[in-house]
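Chain A is the first sequence line, chain B the second, and so forth, proteins listed ahead of strands; every chain is numbered from 1. What you see is a predicted model; the values in this text were computed from it and never measured.
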There are 2 protein chains.
Amino acid sequence: MPRRDLGPRTLLYPMPALLVGVYDAEGRPNLMTAAWGGICNSTPPCVTVSVRPSRWTHDNLLRQGAFTVGIPSTSLAAQADFAGITSGRSQDKFAATGLTPCRSSHVDAPYAEECPVVLECRLLQHVSLPSHTMMIGEICNVSALESCMDGDHPDMGKVDPLVYDAGGRRYYRVGSEVAPAYSLGTVYRREQEK
Amino acid sequence: MPRRDLGPRTLLYPMPALLVGVYDAEGRPNLMTAAWGGICNSTPPCVTVSVRPSRWTHDNLLRQGAFTVGIPSTSLAAQADFAGITSGRSQDKFAATGLTPCRSSHVDAPYAEECPVVLECRLLQHVSLPSHTMMIGEICNVSALESCMDGDHPDMGKVDPLVYDAGGRRYYRVGSEVAPAYSLGTVYRREQEK
């Protein structure tokens, strides 16, 4: 199967579009869209988001020691895109987009009420990398809109998360279910293990 | 909008299912499926994957200082699921699944030829977290199947990446395009900025 070398590139599939919520020194809420992030630890649950030192969010997050990670649904695509191309230094992104700022109940950080799922994080550690600072947050709580729940967990179809394509510079939605996990793979187990 | 607190949970949307490829001390190739990971730096491009110390991949990755991150398409869901529920300590996952092991051209690590996109990584740094070790890899090269390319980047529909739902323990596919990025959000720009 012929392959092409694309060189060093920041490609990963799927990639999220995360709304990082932080208060500034005056207590003003801000959101920054970040695609560089992911879960990094199970016990306790932890998440990373990487932020350039030049970003308004960078020093605010380090000072506050707390942040939220909001998951935008596809209906919030324009608001999420705006939060990625604008700085909170010069603009109130909540006012501009009409998103509703809420104070987290578990950490001192804001989030947009419209996000179906929000991770409330305490800054555990940060790692200085060449172009970004990787913020490692302990997830103190996850909250979800009641309307998005299916039993004890959020329903993928109702969350309808935005997917970012860093190659094509586009947003996608999540589609249909492929299969349940932790069972599909058992077809490859050797007979004696079944 | 009523919300429910779910407590500390490893939830993020969307979440990938990554095939981490490493050689063991005898040069045998192995794959481990990891959902804890994401891009973490732009220049140079870097990616994180978190691995439990008990995993066969853990010490092999640290010893080799190199790994690959393969993106499985939905057609590889069963193979990816198997690579997450089986240990390379006791089983040759390539032989069991029929995936084809290839040696990377840029780093000393294997990958499955069937993966539409593969990141070839040099271990830059690792961070010991409470339950996992976060491996930070510098992406030395990304390769993609020619059949998945659209101009100079992989096409989302052709890559057809597997999406993992840690809440519902299911796999999904990526669906249709929502909008192009970096333009959608300009509707919220103030008049004087346009």
Next on the checklist: Set out, in order, the CA-CA distance, both residues' side-chain angles and the distance that settles salt bridge (Lys or Arg N to Asp or Glu O under 4.0 Å) for A/Arg103 and A/Asp108, then state yes or no.
Outcome noted: CA-CA 7 Å; A/Arg103 180 176 293 275; A/Asp108 188 24; 2.6 Å; yes

Checklist entry - Which is it for A/Lys93 and A/Thr86 under the side-chain contact (heavy atoms from CB on, under 4.5 Å) test, yes or no, and what are the steps along the way? => result CA-CA 8 Å; A/Lys93 300 187 201 177; A/Thr86 316; 4.3 Å; yes

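For a residue to count as touching a neighbouring chain, one of its non-hydrogen atoms must lie under 4.5 Å from one of that chain's; by this rule B/Cys40 touches chain A with backbone and side chain alike. Contact of B/Pro72 with chain A is not made at all, since no heavy-atom distance falls under 4.5 Å. With a 4.5 angstrom heavy-atom cutoff, A/Val159 touches chain B only via side-chain atoms. With a threshold of 4.5 angstrom between heavy atoms, A/Met1 approaches chain B through its backbone and through its side chain. Both the backbone and the side chain of B/Thr74 come within less than 4.5 Å of a heavy atom in chain A. In this structure, chain A has a heavy atom under 4.5 Å from the side chain of B/Met149, while its backbone stays farther away. Looking at A/Leu129, both its backbone and its side chain come within 4.5 Å of chain B, counting heavy atoms on both sides. Only the side chain of B/Val127 comes within less than 4.5 Å of a heavy atom in chain A; its backbone stays farther off. Contact of B/Val69 with chain A is made through the side chain alone, with heavy-atom distances under 4.5 Å. Both the backbone and the side chain of B/Val142 come within contact range of chain A, each with at least one heavy atom under 4.5 Å from a heavy atom of that chain. Contacts between B/Glu114 and chain A at a heavy-atom distance below 4.5 Å involve backbone atoms as well as side-chain atoms.
For the side-chain hydrogen bond (donor to acceptor under 3.5 Å, both in side chains) with B/Asn60, the lone residue among B/His58, B/Gln64, B/Arg63 that qualifies is B/Arg63.
Comparing A/Thr133, A/Ile85, A/Thr100, A/Val49 by how many heavy-atom pairs each has under 4.5 Å with chain B, the most go to A/Ile85. In terms of heavy-atom pairs under 4.5 Å with chain A, the best-connected choice from B/Met156, B/Glu138, B/Glu120 is B/Met156. Ranked by heavy-atom pairs shorter than 4.5 Å toward chain B, the options A/Leu145, A/Ile136, A/Thr48 are led by A/Leu145. Between chain A and the options B/Thr97, B/Val163, B/Asn41, the largest number of non-hydrogen pairs under 4.5 Å is found for B/Asn41. Note: A/Thr43 leads A/Ile139, A/Thr43, A/Val47 in heavy-atom pairs under 4.5 Å with chain B. Among A/Ala77, A/Ser176, A/Gly167, A/Ala35, the residue making the largest number of heavy-atom pairs under 4.5 Å with chain B is A/Ser176. Per-residue heavy-atom pair counts under 4.5 Å with chain B were compared for A/Arg3, A/Arg170, A/His132, A/His153, and the maximum is reached by A/Arg3. In terms of non-hydrogen atom pairs under 4.5 Å with chain A, the most contact-rich of B/Ala144, B/Pro44, B/Pro2, B/Gly38 is B/Ala144. Options B/Ser50, B/Pro161, B/Ser42 differ in how many heavy-atom pairs under 4.5 Å they form with chain A, and the most are formed by B/Ser42. Among A/His106, A/Glu113, A/Arg52, the residue with the largest count of heavy-atom pairs under 4.5 Å with chain B is A/Glu113. Chain A forms the most heavy-atom pairs under 4.5 Å with one residue out of B/Ala80, B/Pro45, B/Ser131, B/Ala83, and that residue is B/Ser131.
A distance of 9.5 Å separates CE of B/Met134 from OG of B/Ser128, quoted to the nearest 0.5 Å. Separation of atoms CG (B/Leu99) and CZ (B/Phe82) is listed at 10.0 Å; rounding is to 0.5 Å. To the nearest 0.5 Å, atom OH of residue B/Tyr188 and atom CD of residue A/Gln79 are 3.5 Å apart. Within the model, atoms OG1 of A/Thr68 and OH of A/Tyr111 stand 9.0 Å from one another, a figure rounded to the nearest 0.5 Å.
The nearest pair of heavy atoms linking B/Val107 to B/Cys140 is CG1-SG, 3.9 Å. Here the closest non-hydrogen pair linking B/Gly84 and B/Thr33 is N-OG1, 3.3 Å.
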Just distance, no hydrogens or angles: give the donor-acceptor pairs under 3.5 Å from side chains in residues 4-20 of chain A, sequence neighbours left out.
residue : atom : partner  : partner atom : Å
A/Arg4  : NE   : B/Glu146 : OE1          : 3.4
A/Arg4  : NE   : B/Glu146 : OE2          : 3.1
A/Arg4  : NH1  : B/Gly151 : O            : 3.2
A/Arg4  : NH2  : B/Glu146 : OE1          : 3.0
A/Asp5  : OD1  : B/Asn141 : ND2          : 2.9
A/Arg9  : NH1  : B/Asp152 : O            : 3.4
A/Arg9  : NH2  : B/Asp152 : O            : 3.4

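Aromatic ring orientation, B/Tyr164 versus A/Tyr182: perpendicular (interplanar angle above 60°, classes split at 30° and 60°).
Panel note: side chain A/Asp155, backbone A/Asp150; no donor-acceptor pair is recorded below 3.5 Å.
At least one side-chain heavy atom of A/Leu184 sits under 4.5 Å from a side-chain heavy atom of B/Tyr171.
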